[in-house]
Amino acid sequence: MEKKNFDYKVLCLGAHCDDIEIGCGGTILKLVETYPNIMFYWVVFSSNLQREEEAYNSANRFLKNKHIKNLVIKNFKDGFFPFIAIEIKGFFEELKREYSPDLIFTHYRQDLHQDHRLISEFTWNTFRNHLILEYEIPKYDGDLGNPNFFVNLNEEICQNKVQYIIDSFPSQNNKQWFTEETFISILRLRGVESNSPNKYAEAFYCRKIVF
């Protein structure tokens, strides 16, 4: 890849194939729209052959042919991350040597899914001089909290986010939670909480900001 100067370098980390899109897809679309010269490194830690193809297609759709440093889809065993933590930690160490981002998106540290929590913990342990935003995933566990960082989104971006997710992951269509209503409802709720002028927002947990 030709060496270029980029406005910002972003690292997106997701335990499973649709986590990044659900948690921060709208913010990614806004970044792509706002900063024409931006680089992304996109990592999914657990997948199978069917979902891997979906994940590649989705990432390319969200990034809209922008500069992509790398798209990495790993095959760590779903649901077993705490028991294979040594292998996952080794990958984080490799990632740290290869890429130093300006902004990192990762899972919420109090997420009740064990895979999500481990990715969040390793993100903080590995990247100590970076801005990290933890995104949220609505699910059965009912672990949504009180986020403190909001990104206001317009209706077009929200509609695109939801449609991209629904279209990109047909393997999930049988899940009762995998609906347009689920994804738009949390965007609307966070829009209310942040008094968004366009009614919608994505929310994050920002543990540290250093100036």
Side-chain angles (χ1 to χ4, degrees), residues 10 12-34 40 42-47 50-51 54-55 57-64 78-79 103-120 123 132-207:
V10 181
C12 301
L13 302 173
H16 310 105
C17 286
D18 50 13
D19 286 341
I20 295 169
E21 293 90 334
I22 293 172
C24 57
T27 302
I28 289 171
L29 290 175
K30 187 171 184 176
L31 287 171
V32 168
E33 182 181 279
T34 305
F40 288 86
W42 187 289
V43 181
V44 175
F45 287 83
S46 178
S47 184
Q50 179 185 12
R51 300 208 69 196
E54 293 177 345
N57 291 338
S58 177
N60 280 293
R61 191 169 188 181
F62 270 84
L63 298 181
K64 298 181 181 295
D78 182 11
L103 171 63
I104 301 173
F105 292 108
T106 193
H107 288 278
Y108 176 37
R109 62 173 169 168
Q110 294 182 17
D111 193 305
L112 293 180
H113 193 300
Q114 67 278 1
D115 294 353
H116 296 183
R117 286 198 308 275
L118 187 78
I119 296 304
S120 181
T123 303
I132 299 174
L133 297 181
E134 301 172 351
Y135 57 78
E136 54 186 356
I137 304 289
K139 55 186 176 299
Y140 171 82
D141 306 84
D143 54 6
L144 298 179
N146 297 302
N148 58 2
F149 189 105
F150 296 82
V151 177
N152 290 335
L153 303 171
N154 62 40
E155 186 172 357
E156 181 182 3
I157 283 179
C158 291
Q159 289 176 344
N160 286 339
K161 168 187 171 170
V162 173
Q163 198 60 54
Y164 292 172
I165 292 172
I166 297 296
D167 291 347
S168 297
F169 296 100
S171 65
Q172 304 304 294
N173 286 339
N174 63 329
K175 306 291 180 62
Q176 61 86 16
W177 56 267
F178 193 81
T179 66
E180 295 180 14
E181 291 87 352
T182 300
F183 303 133
I184 204 69
S185 63
I186 191 168
L187 292 167
R188 183 68 183 98
L189 174 63
R190 297 316 189 191
V192 171
E193 293 177 346
S194 60
N195 197 27
S196 172
N198 294 306
K199 301 195 299 183
Y200 301 100
E202 281 181 338
F204 302 89
Y205 303 84
C206 186
R207 293 165 58 186

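Worth knowing before you read on, the calculation uses all heavy atoms, side chains too, and leaves out hydrogens, waters and symmetry mates. Since the model is a prediction, treat every value here as computed from it, not as a measurement.
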Task: Audit row: K199, R188, side chain to side chain contact (heavy atoms under 4.5 Å, CB included) steps and yes/no - done: CA-CA 6 Å; K199 301 195 299 183; R188 183 68 183 98; 3.7 Å; yes
Task: ring-ring contact (aromatic ring centres under 6.0 Å, His included) pairs, two or more places apart, involving residues 165-198 - done: F178-F183
Got a second to check how far [X]'s [atom1] is from [Y]'s [atom2], nearest 0.5 Å?
X	Y	atom1	atom2	result
D18	I166	CG	CD1	10.0 Å
Y140	Q176	OH	CD	10.0 Å
L112	D143	CG	CG	4.0 Å
T182	E180	OG1	CD	10.0 Å
N173	S171	CG	OG	7.5 Å
H116	L13	NE2	CG	12.5 Å

TODO: Report the relative orientation of the aromatic rings in F105 and F204; use parallel for angles under 30°, tilted for 30 to 60°, perpendicular for over 60°.
DONE: tilted
Open item on the list: Please determine whether side chain to side chain contact (heavy atoms under 4.5 Å, CB included) holds for the pair E54 and C17, giving the CA-CA distance in whole Å, both sets of side-chain angles, and the decisive distance to 0.1 Å.
Closed with: CA-CA 8 Å; E54 293 177 345; C17 286; 5.8 Å; no
Find out whether [X] and [Y] are in side-chain contact, i.e. whether some heavy atom of one side chain is under 4.5 Å from a heavy atom of the other.
X	Y	answer
I137	Y108	no
V151	L133	no
L31	L103	yes
F45	D115	no

How close do [X] and [Y] get, heavy atom to heavy atom, and via which atoms?
X	Y	value
N198	N154	CB-CA, 3.8 Å
C12	I28	SG-CD1, 3.9 Å
Y135	C24	CD2-SG, 4.0 Å
T106	I132	CG2-CG2, 3.7 Å

[X] (side chain) donor-acceptor with [Y] (main chain) under 3.5 angstrom:
X	Y	value
D111	R117	no
N148	C206	yes
E21	I165	no
D19	H16	yes
Q110	G145	no

- [ ] Assess whether side chain to side chain donor-acceptor pair (under 3.5 Å) is satisfied between S194 and N152, documenting all intermediate values.
- [x] CA-CA 8 Å; S194 60; N152 290 335; 3.1 Å; yes
For residues 157-164, run the donor-acceptor check on the side chains, cut-off 3.5 Å, and write out each pair with its distance to 0.1 Å, sequence neighbours left out.
from, atom 1, to, atom 2, distance (Å)
Q159, NE2, E155, OE2, 3.2
N160, ND2, E156, O, 3.4
K161, NZ, I22, O, 2.8
K161, NZ, E202, OE2, 2.6
Q163, NE2, D167, OD1, 2.9
Q163, NE2, D167, OD2, 3.4
Y164, OH, K64, NZ, 2.8

TODO: Start with the C-alpha gap between Y200 and I184, add the side-chain angles, then the distance that decides, and say whether side chain to side chain contact (heavy atoms under 4.5 Å, CB included) holds.
DONE: CA-CA 8 Å; Y200 301 100; I184 204 69; 4.0 Å; yes
TODO: Taking atom CZ of F149 as the centre, report whether more than 12 heavy atoms of other residues, nucleotides or ligands fall under 6.0 Å from it.
DONE: no
Open item on the list: Strictly below 4.0 Å, N to O, side chains only: are R190 and E193 in salt-bridge contact?
Closed with: yes
Task: CA sep, side-chain torsions, deciding dist, call: H113, H107, ring pair (Phe, Tyr, Trp, His ring centres under 6.0 Å) - done: CA-CA 10 Å; H113 193 300; H107 288 278; 8.1 Å; no
Task: Candidate pair F40 and F62, rule side chain to side chain contact (heavy atoms under 4.5 Å, CB included), full reasoning - done: CA-CA 11 Å; F40 288 86; F62 270 84; over 6 Å; no
